[in-house]
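Notes to accompany the following structure.
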Amino acid sequence: MGHLRFNAIQALTNSEKDIQSYGGQKITAFFASNVFAGKVQREYLSDEAYKSLMNSIKSGSKIDRKMADQISSGMKAWAMDRGVTHFTHWFQPLTGATAEKHDSFFTIKSDGSALELFEGDALSQQEPDASSFPNGGIRATFEARGYTAWDPTSPAFIIEMAHGKTLCIPTIFISYSGESLDTKTPLLKAIDVLNKAALDVCHYFDKNITRVTPTLGWEQEYFVIEESLANARPDILATGRTLYGHTPAKGQQLEDHYFGAIPERVFAYMQDFEQEAYKLGIPLRTRHNEVAPSQFECAPIFEEVNIAVDHNSLLMDVMQRVAKRHKLKVLMHEKPFAGVNGSGKHNNWSLATDTGINLLAPGKTPRTNLMFLTFFVNVIKSVHDYADLLRASITSSSNDHRLGANEAPPAIISIFIGKYLTDVLNEVEERVTGKFTEQDEVILKMDIHKNIPELLMDNTDRNRTSPFAFTGNKFEFRAVGSSANCAWPMTILNTIMADTLMNFKKEVDALIEKGEKKEIAILHIIRKYITNSKKILFEGDNYSEAWAQEAEKRGLNNFKDTPRALDALATELTKKLFEDHKIFTHIELEARHEIQLEEYVKKVQIEARMMGYLASNAILPAALKYQNILIENAKGLKELGLSPESYRSQVEIIEVISKHINAISDQVEAMINERKIANEIPSMHERAVAYCDKVRPYFDTIRYHADKLELIVEDKLWTLPKYREMLFLR
Ligand code: ADP
Ligand code: MG
């Protein structure tokens with residue numbers, strides 16, 4: 001045939017599979033071997049430099065110039081001992097990808113002598129051109145210059161490629177005038193604000209706590225398909241998903257005889273990327289098959305949120321790179337295949353103290369349980385008060401396909417807490433009356449601590465349909481998309497939690513000042529929060545239509561698409577929240593809103609173009625060729641003098657093909673017109689809405705006709721690899 005699709009299938013069928021793995025090696029033998037942390041820091045740094053670095057990590061204290069020089073030279077020595085020649089600041093701009101700009105250690109001095117140099121300045125700061133990264137108009141108002149600045153709390157690491165090694169320094173990325181241009185800067189601010197707010201509340205219960213850190217354990221879902229087949233799908237290459245493709249009936253694929261080979265090939269790939277991840281200190285622990293064919297998941301042990309976020313971004317890069325080595329393609333898109341489950345990235349989130357307490361784990365005594373209940377109810381209140389913002393934190397054109405598609409949590413934000421905790425909250429609400437009574441003392445000692453431990457025992461008490469579920473000692477934010485950078489939802493979650501905790505503290509203090517006993521005051525504010533926010537709690541099936549109706553009655557919002565979901569970034573409530581906690585100025589917030597709208601427009605625009613391109617370059621030509629074969633056949637039969645009845649089916653199919661061809665042509669043209677109109681709209685918000693409401697709906701109708709043609713047209717004329725091939729061939 002000579003076509004990519006058939007060559008790919010041919011090659012697959014013949015090829016010897018190239019299996020690599022880390023075999024019998026113990027993971028501890030190479031874990032974190034490419035990370036500048038722990039033992040090697042001690043080894044390569046002077047006492048003074050080591051202490052200064054540790055201090056900065058613990059308390060955020062500044063590292064002075066002299067110390068930075070010492071640390072950089074230690075880092076350089078460590079890196080060069082491992083064959084590193086270049087270094088880069090590694091950051092996460094608002095493109096959704098990671099960014100690097102490599103410089104070599106190699107320098108030539110004014111006297112012409114050459115040497116390897118890496119000074120404190122180069123470690124602390126670099127100046128990449130900010131104008132080529134999204135900035136949402138900030139650049140127009142300010143300056144094009146941008147700065148990356150070292151984040152000492154996330155350790156430096158070495159990226160190994162076949163042809164060289166690079167020392168990577170995690171950094172933030174800000175504009176010349178200090179506006180954040182990345183995902184890390186606001187996250188670090190949020191972590192700081194949360195620490196302060198949570199500490200104040202912790203001190204009601206335990207004065208020994210000196211630091212509270214959010215923890216994150218993400219679960220990354222992804223698809224793996226054959227690279228050669230992906231290469232024959234321009235839609236996958238350009239958009240990360242299939243814009244066309246008829247779904248094969250379930251069961252049919254399971255009989256595919258290639259099926260048995262899938263795990264081995266993918267297993268080798270997994271081992272290979274895991275090995276790289278381990279060297280980078282990413283503590284992966286689980287790997288397994290997911291619901292859809294060719295879909296998998298991996299998850300690490302949880303870490304401090306800043307590090308967990310960096311590790312997830314890093315792993316996503318590693319996974320893409322290693323896949324190439326295995327001639328596989330990894331798809332991180334939320335919905336690469338229609339009619340097959342999409343991919344998410346559950347964010348398991350909790351709060352840990354420096355004294356080793358998980359603040360969202362129920363305690364063993366009434367006192368620690370009151371602390372648990374305090375933080376638990378404050379989470380509920382946060383999500384209740386800022387549900388729209390939380391919804392906005394996970395929105396993207398790709399996640400729009402997943403949320404509410406009856407396979408993933410709906411776009412309606414609600415919380416699942418399970419039966420025991422529902423009972424506990426009800427009890428608090430009923431028994432703590434509006435007035436302060438003697439009874440309050442009794443309630444304090446109530447059965448919370450008897451009930452709650454059972455919760456941990458009962459793993460069946462889980463609701464897989466909830467977007468935000470309590471799972472015994474943490475909340476699981478399930479609506480996050482597989483391609484997302486976790487920093488944004490984590491920034492928002494931690495900020496709203498900080499805000500709620502600060503108000504909580506004010507309210508409790510006010511009661512204490514009136515002479516109320518501390519525990520009783522806490523209980524009363526908890527009760528008030530339960531009453532005020534219980535409409536966000538939902539224990540039933542989140543996928544059901546009944547819930548959508550019920551949610552509407554409760555006044556919970558259901559933003560089904562990105563342009564509308566993003567409106568939450570422009571409300572007074574949100575502006576005040578970010579301003580109060582000095583996370584974003586109004587300008588920064590507006591810039592983020594603009595960037596996200598623009599990204600939405602661009603993504604849908606690319607999809608629309610690819611839709612049109614494939615229609616006219618792949619789908620219609622195949623349909624026309626097949627139609628011509630039928631025409632020739634019918635003509636021949638007629639020439640032989642046979643009755644029309646003998647070529648009736650051919651004529652019918654010819655007509656059906658024409659109908660689909662016309663529908664596709666007409667609708668592609670109409671879509672292009674709508675796109676042109678949309679492009680003329682000056683307001684980015686209105687343009688995004690136009691792309692959403694006017695352009696995007698054509699995708700489904702065009703696809704409908706194309707997918708029908710796929711079923712009709714002779715297989716060997718169809719050039720786009722089919723679902724059954726992508727999902728089942730290895
Ligand atoms: P599952 O939800 O699959 O039953 P686990 O309860 O063990 O499995 O945890 C799922 C994920 O939650 C893991 O990635 C783990 O790292 C993470 N996790 C566990 N405890 C915490 C915590 N305290 N904070 C953040 N993430 C956590
Ligand atoms: Mg889970």
Side-chain angles (χ1 to χ4, degrees), residues 27 31 187 190-191 194-195 198 202 209 211-222 270 274 277-278 281-291 295-316 319 341 343-363 368 371-372 375-376 378-379 382-383 408-409 415-418 420-421 452-482 484 486-487 489-494 497:
I27 292 165
F31 186 74
L187 177 65
I191 292 170
L194 180 80
N195 172 43
C202 280
I209 300 171
R211 192 172 164 79
V212 175
T213 327
T215 50
L216 166 65
W218 42 263
E219 303 166 47
Q220 178 73 53
E221 292 182 340
Y222 59 96
M270 287 174 170
E274 284 169 359
Y278 289 137
I282 304 171
L284 288 178
R285 203 173 52 182
T286 60
R287 56 160 111 97
H288 60 87
N289 281 22
E290 262 304 319
V291 183
Q295 192 188 27
F296 307 91
E297 181 186 300
C298 63
I301 297 165
F302 68 92
E303 300 175 280
E304 285 185 15
V305 66
N306 178 37
I307 298 191
V309 167
D310 282 358
H311 279 169
N312 181 245
S313 297
L314 193 51
L315 183 72
M316 286 167 79
M319 285 171 73
N341 261 15
S343 300
K345 176 150 52 199
H346 297 176
N347 277 9
N348 295 277
W349 169 84
S350 190
L351 301 173
T353 69
D354 58 339
T355 56
I357 299 168
N358 175 353
L359 293 171
L360 292 174
T368 52
M371 178 155 88
F372 159 73
F375 281 91
F376 181 70
N378 270 279
V379 177
S382 307
V383 175
I415 308 179
F416 169 85
I417 58 170
Y420 286 107
L421 285 163
I452 293 177
E454 285 182 55
L455 173 96
L456 289 169
M457 303 291 162
D458 187 9
N459 262 319
T460 54
D461 188 22
R462 286 208 173 180
N463 179 326
R464 299 270 166 206
T465 67
S466 175
F468 201 93
F470 186 68
T471 53
N473 56 2
K474 62 191 179 288
F475 279 93
E476 185 169 349
F477 191 12
R478 300 208 182 101
V480 184
S482 52
C486 307
M490 284 297 110
T491 299
I492 289 183
L493 188 55
N494 290 314
M497 184 64 179

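One-based numbering, in listed order, for ligands and for the atoms of each.
- Residue Pro300 places a heavy atom less than 4.0 Å from ligand 1.
- Using a 4.0 Å cut-off to heavy atoms of Asn358, the atoms of ligand 1 that qualify are 23 (N).
- Across all their heavy atoms, Cys298 and Tyr222 have their closest contact at N-CE2, 4.1 Å.
- Considering backbone and side-chain N/O atoms, Glu476 never comes within less than 3.5 Å of an N/O atom of ligand 1.
- Between Phe376 and Phe470, the ring planes are perpendicular. Angles over 60° get that label, and only those under 30° would be called parallel.
- Close approach of ligand 1 to Ser350 is summarised as follows: ligand atoms under 4.0 Å from at least one heavy atom of the residue are 22 (C), 23 (N), 24 (N).
- When atom types are taken as modelled, the side chain of Arg478 and the backbone of Ala408 share no donor-acceptor pair closer than 3.5 angstrom.
- Closest approach of Gly472 and Pro362 over heavy atoms only: O-CD, 3.4 Å.
- Only backbone heavy atoms of Ile301 (N, CA, C or O) come within less than 4.0 Å of ligand 1; its side chain stays farther off.
- Among Asn348, Leu216, Thr215, Val305, the residue whose heavy atom sits closest to atom 17 (C) of ligand 1 is Asn348.
- Taking 4.0 Å as the cut-off, Thr471 does not count as a neighbour of ligand 1 on heavy-atom distance.
- Rounded to the nearest 0.5 angstrom, Asn358 CG and Phe375 CZ are separated by 11.0 Å.
- Nearest heavy-atom pair, Tyr278 versus Ile282, reported as atom, atom and distance to 0.1 Å: CD2-O, 3.5 Å.
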